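So the structure is just underneath, and the comments pick up after that.
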Amino acid sequence: MNAVRLTRRGEDRLESGHPWIFAGDVAERGAAQAGQAVRVVNAKGRFLGIAHYSSTSQITLRLLSREDEAIDRAFFLRRLRAAAAHRERVAPDCPAFRLVHAEGDLLPGLIIDRYGGCLVLQLLDQGMDAARDVLLDCLQELFSPRGVIARNDVPVRKLEGLPLEPEVLAGEIPERVSTSMNGLTFQADLRRGQKTGVYLDQRENYLAAARWARGRALDCFTSTGGFALHLAARCDSVEGVDSSPEALRAAESNRQANAIANLTFREANAFDYLAGLVSARRQFDTVVLDPPAFAKSRTNLDAALRGYKEINFKALRLLAPGGTLVTCSCSHHVQESALLQVVAEAALDARRTLRILERRTQAQDHPILLTVPETLYLKCVIFEVL
Ligand code: SAH
């Protein structure tokens, strides 16, 4: 195995429990080749761990193990078995769930979502891309999947110099996969849908939102209807809004598959649509805000926070006393404290008093590592308007 030598700062970073080493903390790359598993050593040559090496990314190393071990079929089998065992604890009886959540399962660069017999992979770095065949072989052995698709159309692959093409790796992936979540039917488009087809990370938040929801409900950024479908059973009427016609087509077929009558979808820019509802003095008892990640990086954090404030302000203007606001942020750069701060500002501006009902995060099949803040990305806070 080739060795990569770290600076003192790089070594400190690994010792703080973080698995990433940035280019500036690498002292010597030696003969390391794109996508290889390499030995990571300190300035004096002492072994620190085994990592996947990227020749192009600013994240040069992603730690796979702190043991001196081979990164082979047996290694991946062990990690995948451990990931599957964890799902049996945290997501039992779920037909659709995240089987591997990258760093959260000690497999940086790898995402695997399971939809019944179909597996959807995202190979996010050179190392996992190079390990594709051995991973596929392990997945065949462990799960005998009906089909495996790599949804490699994810922009981060650009930073790795990797192509952005989805590819069916094995078996067949139907145009639509029918799956169920929380007792509802979802038609997932594993080939082209947002994320890997369904927002699996909101599974537990859908149930939480439904517990508090009532009356007239508005689900902004509904995508394929996740929150809206769950709210329908508890509310008099539900309106779902999204700007993507493809997502709304899937939402509508989900509505029909569940024979839900009190739910309508509308294609609109949520910012404009909320403004229109405020002008029209419409009132709602429940509003859900689950926008895309406004802050894709730290550099546009201020603009992102203004965006969160604006939609929360408008939602609060629409909410009747006693109403429920479910507000989410999936930008990991926006910490919960920052989200609470902008909602507080929005509430003061809208002259509403909010009580926190629940502070939540991503579903437990998207595990969070204590020393890896990037593994916690989804915030979902439920408020009561007093
Ligand atoms: N709540 C959804 C996931 C939302 S993802 C669920 O649980 O399934 C964010 C969604 O916002 C995407 O569907 C995207 O199409 C939509 N979107 C992005 N910008 C938008 C805008 N300005 N107005 C309305 N929808 C928008």
Side-chain angles (χ1 to χ4, degrees), residues 96-98 113 115 120 153-155 177 179-182 184-190 192-210 213 217-232 238-255 257-258 260 263-278 286-296 300 303-304 306-315 318 325-332 334 360-363 365-366 377-382:
F97 59 91
R98 177 151 294 186
D113 287 342
Y115 293 86
V120 187
D153 47 332
V154 264
V177 172
T179 185
S180 82
M181 183 195 274
N182 301 327
L184 289 164
T185 299
F186 279 80
Q187 319 275 347
D189 180 351
L190 308 189
R192 282 170 291 271
Q194 294 175 8
K195 290 262 222 174
T196 60
V198 172
Y199 284 83
L200 302 173
D201 51 3
Q202 292 283 25
R203 176 173 47 83
E204 297 167 1
N205 297 332
Y206 293 149
L207 292 177
L218 176 66
D219 176 19
C220 286
F221 310 94
T222 190
S223 186
T224 56
F227 280 99
L229 296 158
H230 282 82
L231 299 189
V238 185
E239 198 177 328
V241 180
D242 201 280
S243 58
S244 159
E246 299 82 36
L248 288 174
R249 267 197 292 283
E252 176 57 20
S253 77
N254 286 337
R255 185 192 70 77
N258 293 285
I260 294 171
L263 168 59
T264 54
F265 291 106
R266 185 184 294 267
E267 183 184 330
N269 177 322
F271 286 84
D272 300 342
Y273 193 64
L274 282 166
L277 293 172
V278 171
T286 304
V287 176
V288 177
L289 300 172
D290 182 20
F294 289 155
K296 298 267 190 234
N300 67 350
R306 279 195 298 280
Y308 287 113
K309 181 172 174 189
E310 180 177 343
I311 54 173
N312 281 281
F313 171 72
K314 296 205 164 102
L318 297 174
L325 173 66
V326 180
T327 198
C328 307
S329 166
C330 58
S331 309
H332 95 81
V334 176
R360 310 184 52 84
T361 182
Q362 65 231 29
D365 47 341
H366 298 58
Y377 65 98
L378 181 61
K379 281 75 54 186
C380 170
V381 189
I382 307 181

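In this text the structure is predicted, and so the values were computed from the model without any measurement. We count ligands from 1, going down the list as the structure has it; atoms in each ligand are counted the same way.
E252 and R255 are joined by a salt bridge, as a carboxylate oxygen and a charged side-chain nitrogen come within less than 4.0 angstrom of each other.
The closest approach between A268 and ligand 1 falls below 4.0 Å for a heavy atom of the residue.
At the top of the distance list for atom 12 (C) of ligand 1, counting protein heavy atoms only, stands Q194 OE1, 3.3 Å. The shortest contact between atom 18 (C) of ligand 1 and any protein heavy atom is with P292 CG, 3.5 Å. In terms of protein heavy-atom proximity, atom 10 (C) of ligand 1 is nearest to D242 OD2, 3.4 Å. Nearest non-hydrogen protein atom to atom 1 (N) of ligand 1 is D290 OD2, 2.7 Å. Nearest protein neighbour of atom 22 (N) of ligand 1, counting heavy atoms only, is N269 OD1, 3.4 Å.
Among K314, E267, R266, the single residue meeting the side-chain hydrogen bond (donor to acceptor under 3.5 Å, both in side chains) criterion with Y273 is R266.
In C328, neither the side chain nor the backbone holds a heavy atom less than 4.0 Å from any atom of ligand 1.
I311 is not listed as a side-chain neighbour of C220, based on a closest heavy-atom distance of 4.5 Å or more. Within the 4.5 Å cutoff, the side chain of R98 has no heavy atoms near those of the D201 side chain. Taking the side chain as every heavy atom from C-beta outward, T185 and L229 never approach each other to under 4.5 Å. R360 is listed as a side-chain neighbour of I382, based on a closest heavy-atom distance under 4.5 Å.
Per-residue contacts place S223 under 4.0 angstrom from the following atoms of ligand 1 (heavy atoms of the residue considered): 2 (C), 3 (C), 4 (C), 8 (O), 13 (O). Atom numbering of ligand 1 starts at 1 in the shown order; those under 4.0 Å from a heavy atom of S244 are 15 (O). For ligand 1, the atoms sitting less than 4.0 Å from at least one non-hydrogen atom of T222 are 1 (N), 2 (C), 6 (C), 8 (O), numbered in the order shown with element in parentheses.
The aromatic rings of F221 and F294 sit perpendicular to each other, their planes meeting at more than 60°, with 30° as the lower class boundary.
Of the listed options Y199, F271, Y206, Y206 places a heavy atom closest to atom 7 (O) of ligand 1.
Looking at F221 next to ligand 1, an N or O pair under 3.5 Å apart turns up. In terms of polar-atom proximity, defined here as any N/O pair under 3.5 Å, A270 does make such a contact with ligand 1. An N or O contact shorter than 3.5 Å links S243 to ligand 1 by distance.
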Is there a side-chain contact (heavy atoms from CB on, under 4.5 Å) between L378 and H366 once you walk through the steps?
CA-CA 10 Å; L378 181 61; H366 298 58; over 6 Å; no
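Summarising the geometry of A295 relative to N300, their closest heavy-atom pair is CA-OD1, 3.4 Å, with the distance given to 0.1 Å.
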